Amino acid sequence: MAMQNINKASDSTKVDTSHSEHPSAVTYFKVAVALCLLTGLEVVVFFFEWLSYGIIPVLAVLSVVKFALVIMFYMHLKYDHRLFSTLFLTGLFLAIGVIFALMALFGWFNAG
Amino acid sequence: MPTINRQFAKYSFVLLAGIILALIFGCTNDHPQSPFDAVGPVSESQALIFYIISYAGIVVFVIVMALLAYFTFKYRKRSENEGDPEQIHGNSTFEIAWTVIPALLLIAVAVPTINSLWDTTVSPEPDALVVRVTGNQWWFRFDIPELGVVTANELHIPVGEVINIELDSKDVIHSFWVPKLAGKVDMIPNNENTMWFQSNEEGIFYGQCAEFCGESHALMRFKVVVESRKEFDAWVASQLLDAIKPSDPLSQQGHDLFMSSEAGCYACHTIRGSQKAYGEVGPELTHFASRLHMLSGIMDNTHENLISWLTDPDEVKPGNIMSKNASVYNDPDKVLSDPEITALAAYLRSLK
Amino acid sequence: MTTLLIPMIKRPLHPTGIWNWITTIDHKKIGLLYGATAFINFLIGGIEAILIRAQLSGSNADIITPEVYNQLFTMHGTTMIFLAIMPLSAAFFNYLIPLQIGARDVAFPRLNAFSYWVFLAGTIILHSSWLFGSAPNSGWFSYAPLTSVAYNPGHGMDFWIVGLQVLGIASLAASFNFIVTIINMRAPGMTLMRMPLFTWMTFITAILLVLAFPVITVALIELMFDRSFGTNFFFAPAGADPVLWQHLFWVFGHPEVYILILPAMGIVSEILPTFSKKPLFGYSTVILAGAIIAFMGWLVWSHHMFTVGLGPIPNSVFTITTMAIAIPTGIKIFNWIFTMWKGSITFSTPMLYAIGFIVTFTIGGISGVMHAMSSSDAQQQDTYFVVAHFHYVLFGGAMMGIFGGLYYWFPKFSGRMFSEKLGKVQFFLLFIGQNITFFPMHFVGMDGMPRRIYTYSGEMGWTALNALETSGSILVVISVLLFLHNIVKSWRSGEEAPGDPWDARTLEWSISSPPPEYNFEVIPEVHTVDEWWARKRGLLGEQSPSVGSNEKGEIHLPQPSFWPLVSAIGIFIGGYGLIYSYPVAIVGLVIMMVGVYSWSFEPVNDPD
Amino acid sequence: MAEATASNHESEHQTTTGLNHRKILMWVFLGSDCMFFATLIATYLVYKGKSLSGPMPLDVFSIPVTTVSTFVLLMSSMSMVLAYAALRKGSLKGYRTWILSTVILGSTFLGFQTFEFYEFANHHVHIDCINPVDLTDYEQGLFDKNCKDGVDHYDAQHGLTPKTNLFGTTFFVLTGLHGTHVTIGVIWLMSLFLYSFKKGGVTPERHLDTDLAALYWHFVDVVWIVIFAVVYLFGVFEGFPS
């Protein structure tokens, strides 16, 4: 929901591709609202004890969305040169890979 | 000038080839820690893989070097006014060939390797005799829980039987390695490992700690004595007995010293059957004199060696805990006299 | 406050002599500083190696005590890896990258100076541990828990931790700089696929480095906290698993191996085409293979840990990934060999080194595949077989490549020619010496000799081969001394070198030797790989480069600065502070902050 | 830090990609910093649930408090981006307002963290032995050990420090190093705020100085987003999900 609104908002913002490509303050504000809502959702989910391990995918998705919102809008990766995304995402994906590899090697994903 | 260089090159290659050949033929496998002289299924499997990859490697090396030598010879610049050669930028057929052929070769050697890896890692008889090995700076403690045997640095096992090993460490990381029986597996505190091996031959096999573990890492060795089931049973029976009581005045004096609070040996060593020697910091000494070697297998178990050890342990095994912590070694006022050392040695040598 | 400081310390605008070197931000001078410092480190590491070889020359030798022996091999490894090979590569990066891509300097000249001074600080910190009586003694990979205070009191490990952290800052700063330089400072027309191979390998190395060093940084922080503040990262009684250190170390350590070897591969890829008078065979394949090696460097780290007991599944996975690395490595070797195919080969000293590199590196590569076989590796791990393998890769590979590069670019660095005759003698001595030193190690290793033992008994049967190894190492020493003699003598009184003595192919040869301070009078326009070759041979046809107007008057070079040095001094003092006294560390931090602030507010060029 | 502040006033040379050197540098640095935090997070996860003694995450964490501090950090990101937008529009006044807000919000976050560390270190356990409610495993252990006949309650200090257990070690070092990043960011932004009073110090033309600080600041924010989920909210699980 929030994502869609933001997409609409940024679509409606006049994006000048030639010079200043950055979104308006309104967009920034909407992103902030979305971030707060998502954080709120995370905390609410946290108190749903019946979710048990189901909380992990939910939290993972919610924080990935938050992460993406900040780097795309606040850090302008959505509007900037692709090189910046490439440089950052190289480190990011490798980092995620190393975390998962170490978790696997220390038995996180063993049967059970 | 070029001729000088070429001659120099020729001689040096002859020299090098000579050395390599000497090495290959000079390398015998009867050395005490040579894994090529494999005596059990684990080390045999590992040696086989080594041979496969060595021969494959030598073939690849020879082909590559032959190509290199041929090209350097064939395409050397012959005269100063030789024109530019054709500017060849590449050749996809060649490049695909030297991608695909090595890949196939690697797949071919990967299959037996993975096979051997599982065979050598997973014990075929999980219920067979278990030996617990604990690493210490710088000696090995051996327990055979189901038989109640505890010993140090000299492990006896029966021939032709699977032995399951459990590895642990009391301090830093060590590694358990008897080259003729099996490749090494590390002994890590808080992270126990298992391995297995079997010996198809009787004999005494050398082992050594293979992971750097501090000052006297080089002196952390041990022996595995492989004997017939009958001899093994006899050894177990003798190990289960309590220590022999001192029978002559000298060893009695040594015994008293050992148990005295001045020397304090009892605090760290176990001599079963004695009143108070049940320390576990140092090696078990109940049947010390029954061992062929002393001090984690670095020397024969003789009176002279024992005297030199007791006189100045730090000289024999630098940095060891006994010379650091025992008051008779770190306090100049409490140094043992020569007669005392002789008595101690006599007592220890009596512990058959 | 710092804005007030700036006018008080006058900018070193026209310094001469020693101040010229201290405040320089010229990439060429920094490159030479790197090279000289790193070569001195190489000699120190060599002395350590010789002492090790002396102790091992016979059974039960008693030349040095076990404790000193342990310090020697630890410092030998650390020195050669972090203080010799890496900075020698960095010397080439510094000197050559701007020249190869047609730039006047690197992207951040002051950051470049900072890298050097911080590297020097790390060097001094590490070596000074000898003077303070407690050199690190746990091996270059310092496995926990041998590094904890309980088993390793004294400051040796602290020197190691701080030294590596400081060197890490230097390496990271340099790598950030080179990544930006290569991305953003290329001459017009120099697309990525027109860059010289050495530039490509530098680029890949720098990317590996910025991704790998943070891992060791964190591991070292964790170790430092364990030692200094009693945390439990590697403290087994609290439930910690010491294997974590090994994982973190090798997640860094394996890419580090490629950080060491890729620059040498780049150097060889420059030398072979030049002396074969042919372009590199399969230029894009070689680049791709380099990139794949770098990427796969992240997938294989546990092959250093086959005996740790990870279990058969991880060991199988890492066996396969490790073996797969042989494929791109093999591709490179074949491409190098086929560069000579149908060429017109001149056997100058650099070319001999390139060919020697192929020979020894192939041996190291094959023994590497032998280690990949996790089953039989259980018999090789931690024996002299491993020692043989990585010396073939690091000495026979990286150092041979670096020696080749030193000869190849010596005329460019110095403006003088070296003595070919001495160079060739030196090559053969080194080549033979290192093979006599390291080849028998395969055999003693497979004869059951563990590494890192200060003594062995005669009954083991290792004595003869060890004596042979020691005699080989003497040949290596003689040859290195010969190299020094050749370099010093030639630098002083060698024949003057033309701009392009080898009839080479890349842009650095299009300018005079040594290059002017501004490198290129006119920034060249690039049309093809091997641009300089194409220009010389008139292959560019219509597009032939215009000589252009002399824009010399408009060349603006960044001005020298004190602040990189001040910041580095802050780190240097802070380093000792972390080892001995935290208040001193704060003093160091303050000095660094002053340096960084002043640097930030100092313009690149003062207004005229 | 030194890397990030390198050569502030690089003149705008023509570059190969048309992008600014310093901005590329910043992104490479951030990519590299991902690996820094990945190693710390991996250490935390590898040791999760392996502590031999309490307190465990659920014993000390206060999710509402951390939610507030997370909210504060998210808001600081918004004010940062608004400061940058104001500068691009040429409003120096707006710039100062927003950047000061960011500094204040960032400092507030650090205040929360200090408070949290202090609370954890001085964690107090109160167990009602007669009518125990909602005991965590750790408290149950204390209950079993201490609540004998005739004891009606148990009170004790069971603080969590970096030395206490693996959880304490990994938690404090991970969040502490994040806090160090925030501190550096606060100093950086504060410097920009002060510099904006110097004539020509901060101008729309030199928006890059602020842009770089902003990128750093947002990165610190996204790292916290991960830490909040992985360290705090995953805290419901004492150990591995197996």
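Order of the sequence lines fixes the chain letters, A, B, ..., with proteins taken first and strands second; residue numbering starts at 1 for each chain. The analysis underlying the following values was restricted to heavy atoms, covering all of them including side chains, and did not include hydrogens, waters or symmetry mates. In this text the structure is predicted, and so the values were computed from the model without any measurement.
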Please check if the number of heavy atoms outside [X] that lie under 6.0 Å from its [atom1] is greater than 12.
| X | atom1 | result |
| --- | --- | --- |
| D:Trp98 | CH2 | no |
| D:Tyr118 | OH | no |
| C:Phe295 | CZ | no |

Once rounded to the nearest 0.5 Å, what's the spacing between atom [atom1] of [X] and atom [atom2] of [Y]?
| X | Y | atom1 | atom2 | answer |
| --- | --- | --- | --- | --- |
| D:Thr17 | C:Asn184 | OG1 | CG | 3.5 Å |
| C:Tyr597 | D:Ile187 | OH | CD1 | 6.5 Å |
| D:Thr169 | C:Asp226 | OG1 | CG | 7.0 Å |
| C:Ile221 | D:Thr43 | CD1 | OG1 | 10.5 Å |
| C:Leu211 | D:Asp33 | CG | CG | 11.5 Å |
| C:Ile101 | D:Thr16 | CD1 | OG1 | 7.0 Å |

Handout entry: Portion of D:Val28 that has a non-hydrogen atom of chain C nearer than 4.5 angstrom
Key =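 For D:Val28, heavy atoms of backbone and side chain both lie under 4.5 Å from chain C.
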Practice task
Would you mind checking which part of D:Thr164 comes under 4.5 Å of any heavy atom in chain C, side chain (CB onward), backbone (N, CA, C, O), both or neither?
Solution key: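 Looking at D:Thr164, just its backbone touches chain C.
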Over all atoms of both residues, closest heavy-atom pair of [X] and [Y]:
| X | Y | value |
| --- | --- | --- |
| C:Asn232 | D:Leu166 | O-CD2, 3.3 Å |
| D:Arg22 | C:Phe108 | CG-CE2, 3.6 Å |
| D:Ser32 | C:Val210 | OG-O, 2.8 Å |
| C:Phe229 | D:Lys163 | O-CE, 3.0 Å |

Exercise for the section: State whether the side chain of C:Thr231 and the backbone N or O of D:Pro162 hold a donor-acceptor pair below 3.5 Å, judged by distance alone. Expected result: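 Pair absent, no side-chain N/O of C:Thr231 close to backbone of D:Pro162.
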Handout entry: Interchain contact, C:Ile183 with chain D, by part (heavy-atom threshold 4.5 Å)
Key =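 For C:Ile183, the contact with chain D is made by backbone and side chain together.
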Problem - Interchain contact, C:Pro237 with chain D, by part (heavy-atom threshold 4.5 Å) - result: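 Contact with chain D involves the backbone of C:Pro237 alone.
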Handout entry: Closest-packed option against chain D by number of heavy-atom pairs under 4.5 Å, given C:Ala212, C:Pro188, C:Pro214
Key =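 With the most close heavy-atom pairs to chain D, the winner is C:Pro214.
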Practice task
Please assess C:Phe233 against D:Thr170 for the test side-chain contact (heavy atoms from CB on, under 4.5 Å), listing each intermediate value before the final yes or no.
Solution key: CA-CA 7 Å; C:Phe233 286 108; D:Thr170 52; 3.9 Å; yes
Handout entry: D:Tyr195 and C:Phe601 aromatic ring geometry - parallel, tilted or perpendicular at 30°/60° bounds
Key =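 Rings of C:Phe601 and D:Tyr195: tilted, 30 to 60°.
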Handout entry: D:Tyr47 vs C:Asp241 side-chain heavy atoms within contact, under 4.5 Å
Key =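 Heavy-atom side-chain distance check passes, below 4.5 Å.
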